[in-house]
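One structure is given below, encoded as structure tokens.
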Amino acid sequence: MLDIKLIRENREFVKNNLMKRGNPENSKMLDALVDLDREWRQNLTKLNDLRHERKIMTTEIATLKKAGKDAGSKVEKAKTLDSEITGIQAEVARAEEKTRDYLMRLPNLLHETVPVGKDENDNVQIRTCGVIPKFDFAAKNHLDLGLNLDIIDIERAGKVTGSRFFYLKREGVLLDMALMSFALEEITKKGYLPVEPPYLMRRQPYEGVTALGDFEDVLYKIENEDLYLIATSEHPMAAMFMNEVLKEEDLPLKLAGMSACFRKEAGAHGKDTRGMFRTHQFNKIEQFVFCKPEESWKLHEELLHNAEELVQKLGLPYRVVNVCTGDIGTVAAKKYDIEVWMPAQNAYREVVSCSNCTDYQARRLGIRYREKEGAPPKGFLHTLNSTAIATGRTIVAILENFQQEDGTIVVPKALRKYMHDIEKISLKR
RNA sequence: GCCGGGAUGGCAGAGUGGAUAACGCGCGGGCCUUGAGAGCCCGUGGACCUUCUGGUCCGCAUGGGUUCGAAUCCCAUUCCCGGCGCCA
């Protein structure tokens, strides 16, 4: 959520920034918002005046009654004043609600270093790292590899849950768990606090952490309950301190979230349909940071660095891209993606997403900070989030990049200690 | 799930239908002091208007209602505490 005061005082600046996202709706909403806000303030002043009048009148009534005198005519007057107040009050409430609605729909302001562009093709590559593997045999895709090794079962998942789900078996399970343990250990070694959040959230906190439009497309809702399955542990971690004032000495507060993630992937029909690349459920270790505004850009780079280090330790070739204005999400001011080389797709594909959401989520959620106990709140925090490791896609990358001619998979050294020192995933006997 | 009790500022805690949300603690500023502390004084939730001096309204978990007037009475919801039930 943007600061309404900033919008009032720097309307053109905000407008120009929003325009970069390439959606003319934003500009229209901004204009409507400013008009509505002016109207709201005018009506609010009127309402306050009327309430003031009533206050005087009720005091007079109280005095009369105490003195044992008749207050009948005053009471009648107060009643008419009351109905007038009720009317304008409704007007103010409607404007307030609509204003908030617009504010909740407007996206975050973009950082000046975000490249202007239309879609993911305009994302700007920042660097590449690692060597793309050359196979002197017919390389297979992760699904064929996984089926041969009997570590993935997609067919039966189709029977039980429908498409985009999977059963992991044997070394597949070990690999998944090893990735989680590896990421969690590496990140917590750096001082991030491990957190296992609830996997379900109410709508109100959810509105604080994400764009309203995401509900239909990405979130699973529990029937007859005000609960949604989380799309990432970022969400319950962000909402964890809703309506709280954190102490400056506790900042930056760095969390390492561990959870399964559930996404409807509505509108992704036909994209990445086979295998484990795009699924309705996967596991993820997530980095999340609450910090003071002046620290957030430095920490954004730290999160990216941490995530890159993990990919490097796994030995996967990747590149980092600066996500452009047309592809960046609603809540982010700037976003880096780490894209790992996927041999079967002959392309770099996203496995990590690293965002600075500045004060956008914190303002929606009411998360502020104070300099010390007893001092008044100083302002809204900044929030940042970044994948550490998402297991589904990382498993895809490991299978495809480290496959051998005989269909076996060499396990990355960094993972072996988390999976019984298995060096190689071998064919089913 | 059922029964009972509760939710008031950063914290503790009064107020049970009629002006300013009492008294503390904490925090900020000032006086005093060589300095610190103690002591004393002032301030310490949000919004709107403003001639920059102030003014007004809102705020007692959340949302409704009753009333000329609600922290206070009624209803619903959420959370916390206790008891019962169920449960890996």
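Chain naming here is simple, since letters A, B, ... match the order of the sequence lines and numbering starts at 1 in each. Given the structure is predicted, the values throughout are model-derived calculations rather than measurements.
Summary of the strand contacts: A:L47 and A:T58 both lie near RNA chain B, and taking for each the nucleotide with the nearest heavy atom, the more 5' one is attributed to A:T58. Mapping A:D82 and A:D49 onto RNA chain B by nearest heavy atom places A:D49 at the nucleotide closer to the 5' end.
Put simply, A:R41 has a side-chain N or O that comes within less than 4.0 Å of OP1 or OP2 on B:rC49. Taking 4.0 angstrom as the limit, A:K55 places none of its side-chain polar atoms (N or O) nearer than this to OP1 or OP2 of B:rU20. Taking 4.0 angstrom as the limit, A:K46 places none of its side-chain polar atoms (N or O) nearer than this to OP1 or OP2 of B:rC49. Between B:rC48 and A:R8, a contact under 4.0 Å exists linking OP1 or OP2 to a side-chain N or O. In terms of phosphate contacts, A:R202 brings a side-chain nitrogen or oxygen within less than 4.0 Å of OP1 or OP2 of B:rC79.
In this structure, the nucleotide among B:rC48, B:rG10, B:rU56 sitting nearest to the side chain of A:R370 is B:rG10. Of the candidates B:rC57, B:rC68, B:rA47, B:rC68 carries the atom nearest the A:I61 side chain, counting heavy atoms from C-beta on. Taking the side chain of A:N48 as heavy atoms from C-beta on, and the options B:rC48, B:rG69, B:rC57, the nearest nucleotide is B:rC57.
Rounded to a whole angstrom, the distance from the P atom of B:rC74 to that of B:rG18 is 16 Å. Nucleotides B:rA14 and B:rG29, compared at atom P, are 31 Å apart to the nearest Å. Across the C1' atoms, B:rA7 and B:rA71 are found 12 Å apart, a figure rounded to whole Å. Spacing between B:rU8 and B:rC23 at atom C1', rounded to whole Å, works out to 15 Å. The P atoms of B:rG63 and B:rG9 are separated by 15 Å, rounded to the nearest whole Å. Spacing between B:rC32 and B:rC41 at atom C1', rounded to whole Å, works out to 11 Å. Using P as the reference atom, B:rG1 and B:rU72 are 27 Å apart when rounded to the nearest Å. B:rA70 and B:rG85 are spaced 44 Å apart, taking the P atom of each and rounding to whole Å.
For A:F290 and A:F288, the gap between ring centers is short of 6.0 Å. The six-membered or imidazole ring of A:F277 lies away from that of A:H142, with a centre-to-centre distance of 6.0 Å or more.
Under the Watson-Crick and G-U wobble criteria, each requiring two contacts below 3.5 Å, nucleotide B:rC79 is paired to B:rG6. Within the shown strands, B:rC84 is the pairing partner of B:rG1 under the Watson-Crick or G-U definition, both distances less than 3.5 Å. Across all strands shown, nothing is found opposite B:rA38 as a Watson-Crick or G-U wobble partner with both distances under 3.5 Å. Pairing partner, B:rC57: B:rG46, with both Watson-Crick or wobble hydrogen-bond distances short of 3.5 Å.
In this structure, CD1 in A:I389 is found 10.5 Å from CG in A:D176, a value given to the nearest 0.5 Å.
Taking both residues in full, the closest heavy atoms of A:A231 and A:V218 are given as CB-CG2, 4.2 Å, listed atom of the first, atom of the second, then distance.
Side chains of A:N356 and A:S296: a donor on one and an acceptor on the other come within 3.5 Å.
Here A:T45 lies in heavy-atom contact (under 4.0 Å) with sugar-phosphate atoms only.
Qualifying ring pair (Phe, Tyr, Trp, His ring centres under 6.0 Å) partners for A:Y220, counting only residues two or more places apart in sequence or in other chains: A:H280.
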